[in-house]
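We count ligands from 1, going down the list as the structure has it; atoms in each ligand are counted the same way.
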Amino acid sequence: MKAAVVTGFDRPLQIQDVPVPDLAPGQLLVRTKMSGLCHTDIHAAHGDWPVKPTPPFIPGHEGVGVVEAVGDGVTGDWLGKRVAVPWLAAACGRCRYCLTGWETLCEHQLNTGYSVNGGYAEYVAAYERGVVEVPDGVSSLDAAPLTCAGVTTYKAIKVARVRPAERVAVFGIGGLGHLAVQYARIVGGLVTAVDIEPEKLELARQLGADHLVDAHAGNPVAEIQAVGGADVAIVLAATAKPFEQALRSLARGGRLVCVGLPAGGSIPVPIFDTVLGGKSIIGSIVGTRQDLAEVFALHAAGRTRVIAQTRKLDEVNACFEEILTGGVPARLVFEF
Ligand code: NAD
Ligand code: ZN
Ligand code: ZN
């Protein structure tokens, strides 16, 4: 099968012909139809984070496809079903996190496209206990970005406990951000979109953002504080600078939700201001299978729009470049 393979952190991906994966017990063989390109895949291929994947590996955790075979011990009726293969490949199902609805925090989890091979391939071996069925009302093209960008930002809005009429600042209107704007609106938030590219801000306006801030041309902290500060600031950029800006944009009682994962970087937290202002700093990592099912249900009901363009897998290195240099309308998705 054709796959895009990371062979080293300082090299471009290689398009290779590799064997179709053998199935371990509990796994499904999924024939990929669409596979989204998340910025995390770029971090993975570059070895940006403290915990690194081990080359050679196949990235991708927004794969959507049809189950063509099942391994030993699979109990569900999966053959022929269309499924999403998310970042959380499988969690242990037994620890205190798994048992309390926090499988995303499981210390024994496997991650698709990172610790196990992912969706930049014609086939992927997925765990029965990790996949989510895609409902008929959601196209495979839309389902792919929802599988990470969607579920991650939906969860971020949930953990921020956004209430109606609260001011929500979304920093970074890329693959994740264009969906965050929509989930913030669904729960009644008044949305400020912050980006450094005018095209991204225009997209945010079309998706219903109430207030736009160009962080390249102006000062987002001053502009957001001028209208009372943000009750919630969600940072979805892949660079460190907007995290500090987002913290300084908060109103009293404000919550900073950190979602972007830049290589390195830290946030200086002024203790006095945090204490007197009753501020919170929250980390949010993807979402559960139930969160993803809810994301699909909202999309099937017409509540969200996915902005994505298709590409061929052979173009993977050019696609990484396109994202790093800007100008991509939200998400790129490999079509098989
Ligand atoms: P993306 O490249 O599609 O979007 C990033 C956006 O940030 C772009 O629109 C870019 O113009 C904007 N941006 C850059 N600098 C900015 C600045 N100074 N101020 C405001 N906006 C700025 O990336 P993506 O796929 O949406 O992923 C974003 C980040 O989220 C990545 O670091 C990725 O690894 C991370 N991520 C985290 C999780 C999680 O569960 N926590 C899940 C998926 C992705
Ligand atoms: Zn992702
Ligand atoms: Zn667990």
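For residues 123-169, the ring pair (Phe, Tyr, Trp, His ring centres under 6.0 Å) pairs, not counting sequence neighbours, are Tyr154-Tyr183. Sequence neighbours left out, the pairs with a member in residues 306-336 that pass ring pair (Phe, Tyr, Trp, His ring centres under 6.0 Å) are Tyr120-Phe334.
Rounding to 10 degrees gives 110° for the angle at the Zn ion (ligand 3) between SG of Cys106 and SG of Cys92.
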**OP:** Applying salt bridge (Lys or Arg N to Asp or Glu O under 4.0 Å), run through Glu335 and Lys33 and close with a yes or a no.
**Re:** CA-CA 6 Å; Glu335 183 174 20; Lys33 291 166 79 82; over 6 Å; no
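Between Arg311 and Glu322 there is a salt bridge, with a side-chain nitrogen of the basic residue lying less than 4.0 Å from a carboxylate oxygen of the acidic one. Ion pair Asp291/Lys158 flagged as a salt bridge, since at least one NZ, NE, NH1 or NH2 atom sits closer than 4.0 Å to an Asp/Glu carboxylate oxygen. Between Lys2 and Asp314, at least one side-chain nitrogen of the basic residue sits less than 4.0 Å from a carboxylate oxygen of the acidic one, meeting the salt-bridge criterion.
Asp22 CG: 12 or fewer foreign heavy atoms inside a 6.0 Å radius.
Closer than 4.0 angstrom to ligand 1 by heavy atom are Cys38, His39, Thr40, His43, Trp49, Cys148, Thr152, Gly172, Ile173, Gly174, Gly175, Leu176, Val194, Asp195, Ile196, Glu197, Lys200, Leu236, Ala237, Ala238, Thr239, Pro242, Val259, Gly260, Leu261, Ser284, Ile285, Val286, Ile323, Arg331, sorted by chain and number.
Within the coordination shell of the Zn ion (ligand 3), defined by N, O or S atoms under 2.8 Å, Cys98 is present.
Counting only N and O atoms by type, the side chains of Ser249 and Gln225 include no donor and acceptor under 3.5 Å apart.
Note: Phe57 and Tyr114 have tilted aromatic rings, judged against thresholds of 30 and 60 degrees for the angle between ring planes.
Ordered by chain and number, Cys38 SG, His61 NE2, Cys148 SG make up the set of protein N, O or S atoms under 2.8 Å of the Zn ion (ligand 2).
Within the 4.5 Å cutoff, side-chain heavy atoms of Met1 are placed close to those of Pro21.
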